[in-house]
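I have placed the structure first, in the form of structure tokens, so that the comments after it can refer back to it.
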Amino acid sequence: MAHSHDHSGHDHGGAGHMHGATDKKRVLIAACLTAGFMVAEALGGLFTGSLALLADAGHMLADAIALGLAWYAFHLAGRPATGQLTYGFGRVKTLVAYTNGIAIFAIALWIVYEAWQRLLTPAPVLGGPMLVVAILGLLVNISSFLVLHGGDRESLNMRGAILHVLGDLLGSAAAIVAALVILATGWTPIDPILSVLVSLLILSTAWSLMRAAAHVLLEGVPPTLDRDLIATDIQSAVKGVREVHHMHIWSLDGTSTMATLHACLDEGLNAHQAVSAIKKRLASEHGISHATVEPEFGQCADEADDHDHEHEHDAAAHHSHHH
């Protein structure tokens with residue numbers, strides 16, 4: 001799966017870059033659609049007295065901002081790396097995805113609180129106009145969803161954007177149901193009850209998005225890979241590799257994967273060829289496009305240093321303890 005986006009964090013252009021450009025356009029279209037209708041829905045909510053509409057407008061406000069941020073993240077990610085930011089701006093997208101998760105959380109909690117207030121003191125709701133606004137909202141949200149749905153589903157930034165619009169879609173659907181119930185029975189508590197249900201659905205998806213983004217920010221091993229299995233695979237697949245250690249695997253932005261490792265080689269082996277073979281194996285078998293391999297003969301360079309300075313370290317440790 002990662003193969004098509006291998007070089008997206010790596011300035012080789014290619015498929016990853018193509019995805020970024022179309023995703024950026026998709027996100028911008030969705031942002032404009034959402035922002036435009038959000039104003040209409042907020043006014044509709046105030047006019048009809050419907051919390052479900054206001055809740056959905058609240059979602060849409062956050063989503064318009066979030067989609068704008070997502071667009072800006074794609075825009076930044078296209079910039080080349082600098083002397084200070086040697087990996088470029090790729091991780092901005094993950095940062096935005098994480099921030100989006102927090103924003104959705106805050107909105108959902110506010111809606112739950114508002115709904116509780118509404119249940120304690122019910123307010124009149126105009127079912128007819130509410131239904132019209134909700135149906136229009138649903139159509140706008142479906143359009144946004146279809147625009148985004150064609151994007152790269154592996155990108156956390158796109159997942160965040162789709163999640164926002166999905167929340168709006170549910171919000172509009174809930175508002176339609178609430179309006180129909182109010183028109184048929186006059187039972188207004190359905191309005192806050194459904195807005196809470198939508199919030200709870202959104203909370204769970206926001207939580208999973210935040211967890212995925214946090215995993216990338218903490219430089220965790222991508223969920224599809226197993227570091228120890230990969231190390232074992234290299235040892236068995238590449239001739240002359242005795243041991244692989246000090247291995248780190250992480251993802252830059254949820255799509256491009258990087259690795260660093262030490263490879264302990266048999267005496268007399270051509271180090272350049274061994275490193276080349278290891279890199280090829282990582283790219284072809286595990287989708288790791290950017291690897292830094294340190295070849296070693298005999299003792300690990302880090303450990304050799306440790307042995308040389310062992311007594312000094314002990315003395316220094318002793319010293320620091322007394323301080």
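- Residues Ser172 and Gly137 come closest through the heavy atom pair OG-C, 3.5 Å.
- Between Pro222 and Thr257, the shortest heavy-atom contact is CG-CG2, 3.9 Å.
- The distance from atom CG of Leu43 to atom OG1 of Thr48, rounded to the nearest 0.5 Å, is 10.5 Å.
- Using a 4.5 Å cut-off between side-chain heavy atoms of Ile, Leu, Val, Met, Phe, Trp and Tyr, with links allowed through other members, Phe74 and Leu217 fall into different hydrophobic clusters.
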Inset, instruction - Evaluate side-chain contact (heavy atoms from CB on, under 4.5 Å) for Ile249 paired with His286, printing each intermediate quantity in order. - result: CA-CA 11 Å; Ile249 300 174; His286 307 290; over 6 Å; no
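- For His246, the ring pair (Phe, Tyr, Trp, His ring centres under 6.0 Å) partners are His262, not counting sequence neighbours.
- With a 4.5 Å cut-off on side-chain heavy atoms, Glu41 and Leu136 do not count as touching.
- Cluster annotation: Trp71 is connected to Phe145 through the hydrophobic network of ILVMFWY side chains, with a link wherever side-chain heavy atoms come within less than 4.5 Å.
- Leu194 approaches Ala174 most closely through the heavy-atom pair CD1-O, 3.4 Å.
- To the nearest 0.5 Å, the span separating NE2 on His149 from CD1 on Ile142 amounts to 13.0 Å.
- With rounding to the nearest 0.5 angstrom, the CD1 atom of Ile176 is 9.5 Å from the CE atom of Met130.
- Both Leu169 and Ile135 are members of a single hydrophobic cluster when ILVMFWY side chains are connected at heavy-atom separations under 4.5 Å.
- The backbone N or O of Asp168 sits less than 3.5 Å from a side-chain atom of Asn141, completing a donor-acceptor pair.
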Per-pair distances, 0.1 Å, donor-acceptor, side chain in residues 269-276, under 3.5 Å, sequence neighbours excluded:
unit_1 : atom_1 : unit_2 : atom_2 : d
Asn270 : OD1    : His272 : N      : 2.9
Asn270 : OD1    : Gln273 : N      : 3.1

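- Nearest heavy-atom pair across Gly49 and Val125 is O-CG2, 3.6 Å.
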Solution key, residues 178-192 side-chain donor-acceptor pairs under 3.5 Å, sequence neighbours excluded:
unit_1 : atom_1 : unit_2 : atom_2 : d
Thr185 : OG1    : Val181 : O      : 2.8
Thr185 : OG1    : Trp187 : N      : 3.1
Asp191 : OD1    : Ser50  : OG     : 3.2
Asp191 : OD1    : Ala52  : N      : 3.0
Asp191 : OD2    : Leu51  : N      : 2.7
Asp191 : OD2    : Ala52  : N      : 3.4

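- Rounding to the nearest 0.5 Å places CG of Leu261 at 10.0 Å from CD1 of Ile230.
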Inset, instruction - Show the numbers, then the answer: is there a side-chain contact (heavy atoms from CB on, under 4.5 Å) between Trp250 and Thr260? - result: CA-CA 9 Å; Trp250 72 101; Thr260 58; 3.8 Å; yes
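- Across all non-hydrogen atoms, the minimal contact from Gly44 to Val133 is CA-CG2, 4.3 Å.
- Note that the OG atom of Ser208 and the CG atom of Leu163 stand 7.0 Å from one another [nearest 0.5 Å].
- Using a 4.5 Å heavy-atom threshold, the side chains of Val196 and Leu119 count as separate.
- Hydrophobic clustering keeps Leu197 apart from Val112 (ILVMFWY residues linked when any side-chain heavy atoms are closer than 4.5 Å, directly or through intermediates).
- Side-chain atoms of Arg79 and Leu76, non-hydrogen and from C-beta on, do get closer than 4.5 Å to each other.
- The hydrophobic cluster containing Met247 also contains Leu265, counting ILVMFWY residues as joined when their side-chain heavy atoms lie under 4.5 angstrom apart, directly or transitively.
- No more than 12 heavy atoms of other residues, nucleotides or ligands lie within 6.0 Å of CZ in Arg211, so this atom counts as exposed by the packing criterion.
- One distance of note links CG of Leu67 with OG1 of Thr34; it measures 5.0 Å at 0.5 Å rounding.
- More than 12 heavy atoms of other residues, nucleotides or ligands shown are found within 6.0 angstrom of CZ on Phe297.
- Nearest approach of Gln299 to Glu296, heavy atoms of both residues: O-CB, 4.3 Å.
- Two residues are said to be in side-chain contact when any heavy atoms from C-beta on lie closer than 4.5 Å; Ile29 and Arg26 fail this criterion.
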